Amino acid sequence: MNQVIRAEGLVKHYKEVKALDGLDLAVPEGKVLGLLGPNGAGKTTAVRILTTLLEADAGRAEVAGVDVAANPDQVRAMIGLSGQYAAVDEYLTGFENLDLFGRLYRLGRAKARSRARELLERFDLNDAADRPVKTYSGGMRRRLDLAGALVADPKVLFLDEPTTGLDPRGRVEMWEVIREMVAGGTTLLLTTQYLEEADRLADEIVVIDHGRAIAQGTADQLKDQIGGERVELVIESAANLGRAMETVNSFSTGEVVVDEQSRTLTAPVTGGSGVLVEVLRQLDSNSVKVLEFALRRPTLDDVFLTLTGHGAENGNSEQPQKKKVSA
Amino acid sequence: MSQLMWLAADGYNVTRRNLIKIKRMPELMVWVLMSPIMFVLLFSYVFGGSINVPGVNYREFLIAGIFAQTVVFGATYTGASLAEDMQKGIIDRFRSLPMTRSAVLVGRTASDIVYNVLSITIMSLTGLLVGWRIRTSFWEAVAGFGLLLLFSYAFSWVMATVGLAVPSPEVVNNASFMVIMPLTFVSNAFVPSDSLPTPLRIFAEWNPVSAVTQAARELFGNTNPLAPASEAWSMQNPILYTLIWVVVILAIFVPFAVALYKRAARK
């Protein structure tokens, strides 16, 4: 198949820190690749190299067959980029921003203007079109930023954490917009910290950690690898942890993760709520008191626990250290 | 279209964007234009009484110095705006577009000419109110304003380089203060340079701010045989000496700033 985005052995250092450590990526035409990983995994660095904002120390990257290091201008004319930080001018109105980008994409005045109107309409920003961006909400800024990436109707699109910092409603709206967009046949590379987001939007997911791909596949393949839903229980007494674990383990399809401090057990299961009921019944008959219980979809943290044995090392979160226990 | 035509077109669009910002934030201009007025009034009425330039009307001597000081200070705005654009990620956006690489800087410095024209206009009016007069021909006066603008344009590129090299607009303001204070005060802008101790006097004589000031005095007819310019070549040929500085500054800082822009990253 025709690979529209291709990266081979990308390496990038920032002083002593190795941001990328031999990353390979390939996105076929019209497909969506989700680059999934915690903060500091190298996602943004990869996007910056592919969009010509940064030069790699080693390796090569191509967009639509054009080498990003050798012909950056040609690449820039074909791509759209929307980053983690809404890169729009807050003193300009929504219309003025898109009009400016259109002119700088060299669409010509008339075309830039009509394209700006069209995108404002499409992204539901018509009412705010002539207001300075300063007055926009976070979600509106993000939508405008995304519209900015689409001004030249690019064949290839890069979205760096398009929903980070948005509230749940904003996130769902953004997903709808992105889904509509890729339905039109755009090739998309999307980075995210949310497994659910990658699951909903991407045809294929690459899990990245410390600048390297640690797993790759469709959302389904990845889920098979990490198991289905999680049962999560908080039990009343630490003394019962051993007994509880034995019980949970008999239902689990994978390894049970125990956090002794919070007396929490997490285990992958298949069979949905029926299994949860069974687990609770069994624990009850074994006299283990449960304080909280939940059935939830796997998170990035679960993916990392399963694939690497450690949680997603999120630079700024202070989660208690969890460990994997096999019984 | 040729490369140069694209540079002009892209630069025009960036200039337009910068000017819209001035329109949306008039308060920004108010503060910036207030400072030269304050300086004129401060030196005319507060310090002016104790600064004695024999045989010369101090206000007439002073205004050219304030002009030079203001255009140099004004360049800080170029650097601070670029640092702000970088901080907010808008430079990343520009760098991902297929526009001419140097257009953001060309547009920035061009829009700051508009800004300098405004501040020079305000200063001239204030000067006229406190007794400053142009005593030369129309064309000499035009040349005087032209030279001030040319020098400020060159200096914008110095500050653009600073703006791209430092992490935030606040740092631009602090860093430029360290450079601009000695440049403007150790000069002939406020006092005749021959009143200074020898090392400072030599610095002042060869200081480009002194040259612009002296050139402006000559072109506006504010010199006085009772307070002659010093004997140094730079002060005897201030117009030529200023033009040499303009060329040297542009030759060094335009390529320097463009190179920094190409490697710029959001900090």
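Nothing here was measured: the structure is a model prediction, and the numbers come from that model. Below, chains carry the letters A, B, ... as their sequence lines are ordered, and counting in each starts from 1.
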Practice item. Would you indicate whether A:R131, at its atom CZ, is surrounded by more than 12 heavy atoms from other residues, nucleotides or ligands within a distance under 6.0 Å? Key: yes
If one checks every heavy atom of B:R24 against chain A at 4.5 Å, the contacting part turns out to be side chain
Those residues at least two apart in sequence (or on a different chain) that pass ring-ring contact (aromatic ring centres under 6.0 Å, His included) with A:Y136 are none
What one should report as the nearest heavy-atom pair of A:L81 and B:R93 is O-NH1, 3.1 Å
Is the count of non-hydrogen atoms from other residues, nucleotides or ligands lying under 6.0 Å from B:M38 atom CE greater than 12? no
Those residues of residues 89-105 of chain A that come under 4.5 Å of chain B on a heavy-atom basis, listed by number, are A:D89, A:E90, A:Y91, A:L92, A:T93, A:E96, A:D99, A:L100, A:F101, A:R103, A:L104, A:Y105
Legend entry - More than 12 heavy atoms from other groups under 6.0 Å of NZ on A:K155: no
**Study point:** Whether over 12 other heavy atoms sit under 6.0 Å from B:N174 CG
**Key:** yes
For residues 250-259 of chain B, the side-chain hydrogen bond (donor to acceptor under 3.5 Å, both in side chains) pairs (sequence neighbours left out) are none
*Side chains of B:K262 and A:E55: does their closest heavy-atom pair fall under 4.5 Å?*
no
Heaviest contributor of heavy-atom pairs below 4.5 Å to chain B, chosen from A:G80, A:P72, A:G148, A:P132, is A:G148
Residues B:M99 and A:D73: closest non-hydrogen pair is O-OD1, 4.3 Å
Practice prompt. Report, as yes or no, whether the 6.0 Å neighbourhood of atom CZ on B:R101 holds more than 12 heavy atoms from other residues, nucleotides or ligands.
Written response: yes
Hits for side chain to side chain contact (heavy atoms under 4.5 Å, CB included) against B:M34, two or more places apart or cross-chain, chain-then-number order -> B:V30
Cut-off 4.5 Å, heavy atoms of chain A, and the answer for B:I20 is side chain
Under 4.5 Å to a heavy atom of chain B? For A:A152 that would be neither
d(B:D10 CG, A:R106 CZ) to nearest 0.5 Å is 4.5 Å
A quick test of your reading: do over 12 heavy atoms of other residues, nucleotides or ligands sit less than 6.0 Å from CZ of B:F177? no
Note: B:G89 and A:A87 closest approach over all heavy atoms is O-CB, 3.2 Å
